[in-house]
Chemist: 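Below is one structure. I have some questions about it.
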Amino acid sequence: MAVLNLRPLAGGRILRGSQPFGLDAAGTSNFLEQHGIQAIMDLRSDLERSIVPWLVDSGADGSFPPAGTPSRVGTGAPSRVEVIHNPLDPNAVAGSLQAVETPEDLGELYLGWLRVRPQWVADALRPVAQGRRTLVHCSLGKDRTGVVSAVALMAAGASDEAVVNDYTATTANLPDVLKVMADTWRLHVPSTPVQYFSPDLMILQSPEAAIRHFLVGFAREFGDARAFLNEAGLTAVEVERLRDGS
């Protein structure tokens with residue numbers, strides 16, 4: 001398989017996508033080298049990472065070194081890929097996934113993450129701000145990845161419509177991603193209820209109204225994305241690099 005729901009942002013400096021479904025060590029090396037990825041920003045919880053780990057050619061257990069440790073991926077890779085674990089557990093920060101019933105609830109959940117963990121977004125974008133081509137991903141590549149991507153686009157000067165279009169682009173990919181996700185979880189956690197991955201659940205959708213609610217709330221509460229990231233921990237130089245691509 002592969003990283004699903006995959007697409008570039010910010011002139012290709014960011015790739016956003018899902019977790020690496022079914023990639024063995026060789027497949028991982030090929031994927032990273034094919035896309036020129038220099039850093040992986042993994043936004044998943046420890047449990048999620050244990051179910052779908054990143055695999056490489058080296059290492060006794062086939063996994064990357066601990067978060068933040070550079071590692072050569074594959075044989076003949078021209079550069080070192082840094083894997084950065086920057087977790088956000090959606091069920092433990094600013095509300096519960098089970099409470100999401102409307103698109104507005106979903107957008108409000110996203111805003112809650114920024115209220116409680118602004119530094120989480122800054123940390124997620126730091127490799128990009130330092131000039132590294134970075135894969136940003138969570139499990140589906142929809143919510144946590146969507147929030148980080150939205151802030152990155154805003155910081156780069158993108159319009160609201162560009163943010164909306166990027167977020168809703170996930171909709172077409174969701175049937176395939178959800179099927180693979182359900183199969184993966186039921187393999188590793190057989191007790192997982194079938195309805196846990198129902199496409200009828202709002203938390204598993206990417207409606208336009210959710211991201212528009214987020215954008216309105218962000219403007220009201222945080223104002224400018226660059227100022228938000230600066231206050232959250234990125235330097236002025238790093239923030240400016242998100243805009244100009246240098």
Side-chain angles (χ1 to χ4, degrees), residues 1-21 35 41-44 48 88 90 93-115 120-121 124-125 128 134-182 196-222 224-226 228-229 242-243:
M1 294 185 199
V3 174
L4 305 177
N5 197 26
L6 184 70
R7 55 188 176 275
L9 304 176
R13 289 178 295 134
I14 300 175
L15 279 173
R16 60 169 294 180
S18 72
Q19 59 192 344
F21 290 108
H35 292 284
M41 181 56 59
D42 190 335
L43 306 176
R44 299 175 297 166
E48 292 170 293
L88 187 143
V93 178
S96 167
L97 301 184
Q98 285 69 36
V100 173
E101 296 181 351
T102 69
E104 291 72 23
D105 290 341
L106 187 54
E108 195 62 28
L109 181 71
Y110 298 160
L111 289 168
W113 295 345
L114 301 193
R115 296 182 191 115
W120 170 75
V121 183
L125 292 174
V128 183
T134 303
L135 171 66
V136 177
H137 80 93
C138 50
S139 289
L140 296 175
K142 181 178 85 72
D143 301 303
R144 289 163 289 186
T145 301
V147 168
V148 170
S149 298
V151 175
L153 285 168
M154 289 189 286
S159 67
D160 283 0
E161 292 308 308
V163 177
V164 170
N165 290 340
D166 174 66
Y167 177 83
T168 57
T170 291
T171 298
N173 299 325
L174 278 174
D176 289 340
V177 181
L178 287 176
K179 181 182 184 306
V180 174
M181 182 73 137
Y196 189 85
F197 295 102
S198 170
D200 294 330
L201 294 174
M202 179 53 61
I203 192 60
L204 296 180
Q205 300 176 28
S206 54
E208 180 177 331
I211 194 64
R212 290 200 182 277
H213 181 92
F214 171 82
L215 288 169
V216 170
F218 187 95
R220 181 181 62 248
E221 295 186 39
F222 306 111
D224 180 75
R226 292 186 292 278
F228 168 82
L229 289 170
L242 291 175
R243 182 177 180 86

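This structure is a prediction, so every number in the text was calculated from the model and none was measured.
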Chemist: How far does CG of D143 sit from CG of L43, to the nearest 0.5 angstrom?
Modeler: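 Here the rounded value is 11.0 Å.
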
Chemist: Can you check side chain to side chain contact (heavy atoms under 4.5 Å, CB included) on F214 and L106, steps first, answer last?
Modeler: CA-CA 8 Å; F214 171 82; L106 187 54; over 6 Å; no

Chemist: Say whether S139 and E48, considering side chains only, have a donor N or O and an acceptor N or O under 3.5 Å apart.
Modeler: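 A pair is found: one side chain offers a donor N or O, the other an acceptor, under 3.5 Å apart.
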
Chemist: What heavy-atom pair brings P103 and M202 nearest, and what distance separates the two atoms?
Modeler: CD-CE, 3.7 Å

Chemist: Check for a donor-acceptor pair, side chain of D166 on one end and backbone N or O of A162 on the other, with a separation under 3.5 Å.
Modeler: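 Not a single qualifying donor-acceptor pair exists.
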
Chemist: Between I203 and L109, is a side chain to side chain contact (heavy atoms under 4.5 Å, CB included) present by the stated rule, with each step listed?
Modeler: CA-CA 10 Å; I203 192 60; L109 181 71; 4.1 Å; yes

Chemist: Give me each pair satisfying side-chain hydrogen bond (donor to acceptor under 3.5 Å, both in side chains) with a member in residues 196-207, each pair once, sequence neighbours excluded.
Modeler: T171-S206

Chemist: Below 4.5 Å, heavy atoms only, C-beta onward: do C138 and Q19 meet side chain to side chain?
Modeler: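 Sidechains of Q19 and C138: no contact.
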
Chemist: Can you tell me how far apart CZ (R212) and CG (L215) are? Round to the nearest 0.5 Å.
Modeler: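 Between atom CZ of R212 and atom CG of L215 there are 7.5 Å.
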
Chemist: Do you know which two heavy atoms are closest between R243 and A155, and how far apart they sit?
Modeler: CB-O, 3.8 Å

Chemist: Show the nearest heavy-atom pair for residues L204 and L174, with the distance to one decimal.
Modeler: O-CD1, 3.3 Å

Chemist: Less than 4.5 Å apart, side chain to side chain, heavy atoms only: is that true for Y167 and S149?
Modeler: no

Chemist: Roughly how far, to the nearest 0.5 Å, is CG of L125 from OG1 of T134?
Modeler: 8.5 Å

Chemist: Do M181 and F21 have side chains that approach each other closer than 4.5 Å (heavy atoms only, starting at C-beta)?
Modeler: yes

Chemist: L111 versus E108: any side-chain heavy-atom pair under 4.5 Å?
Modeler: yes

Chemist: In the structure I gave you, are the side-chain heavy atoms of R16 and L9 within less than 4.5 Å of one another anywhere?
Modeler: yes

Chemist: May I ask you to test the M154-V163 pair for a side-chain heavy-atom distance under 4.5 Å?
Modeler: yes

Chemist: Could you tell me whether the side chain of N173 reaches within less than 4.5 Å of the side chain of R7, counting heavy atoms only?
Modeler: yes

Chemist: Rounded to the nearest 0.5 Å, what's the gap from CD1 on I211 to OG1 on T168? Could you check?
Modeler: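 The distance works out to 9.0 Å.
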
Chemist: Can you tell me how far the OG1 atom of T145 sits from the CG atom of L140, to the nearest 0.5 Å?
Modeler: 9.0 Å

Chemist: Report the C-alpha separation of W120 and V148 in whole Å, then their side-chain angles, then the decisive distance to 0.1 Å, and conclude whether the side chain to side chain contact (heavy atoms under 4.5 Å, CB included) test is met.
Modeler: CA-CA 9 Å; W120 170 75; V148 170; 3.8 Å; yes

Chemist: Tell me, do V128 and L242 make a side-chain contact under 4.5 Å, heavy atoms counted?
Modeler: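 Touching, per the 4.5 Å side-chain cut-off.
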
Chemist: Decide yes or no on side chain to side chain contact (heavy atoms under 4.5 Å, CB included) for W113 and V121, but give the supporting numbers first.
Modeler: CA-CA 9 Å; W113 295 345; V121 183; over 6 Å; no

Chemist: For D42, what residues pass the salt bridge (Lys or Arg N to Asp or Glu O under 4.0 Å) criterion, not counting sequence neighbours?
Modeler: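 If we apply the salt bridge (Lys or Arg N to Asp or Glu O under 4.0 Å) test to D42, skipping adjacent residues, the hits are R44, R49.
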
Chemist: For K142 and S18, indicate whether the former's side chain and the latter's backbone hold a donor-acceptor pair under 3.5 Å.
Modeler: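 Absent.
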
Chemist: Considering non-hydrogen atoms only, spot the tightest contact between G107 and H213 and give its length.
Modeler: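 Result for this residue pair: C-CD2, 3.7 Å.
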
Chemist: Which value, rounded to the nearest 0.5 Å, describes the distance between L135 atom CG and L15 atom CG?
Modeler: 6.0 Å

Chemist: For F218 and Y110, I'd like to know if the aromatic rings sit close, meaning centre-to-centre distance below 6.0 Å.
Modeler: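 Between F218 and Y110, the centre distance exceeds or equals 6.0 Å.
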
Chemist: Examine the side chains of T170 and N5 and answer whether a donor and an acceptor come within less than 3.5 Å of each other.
Modeler: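 Present: a donor and an acceptor within the cut-off.
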
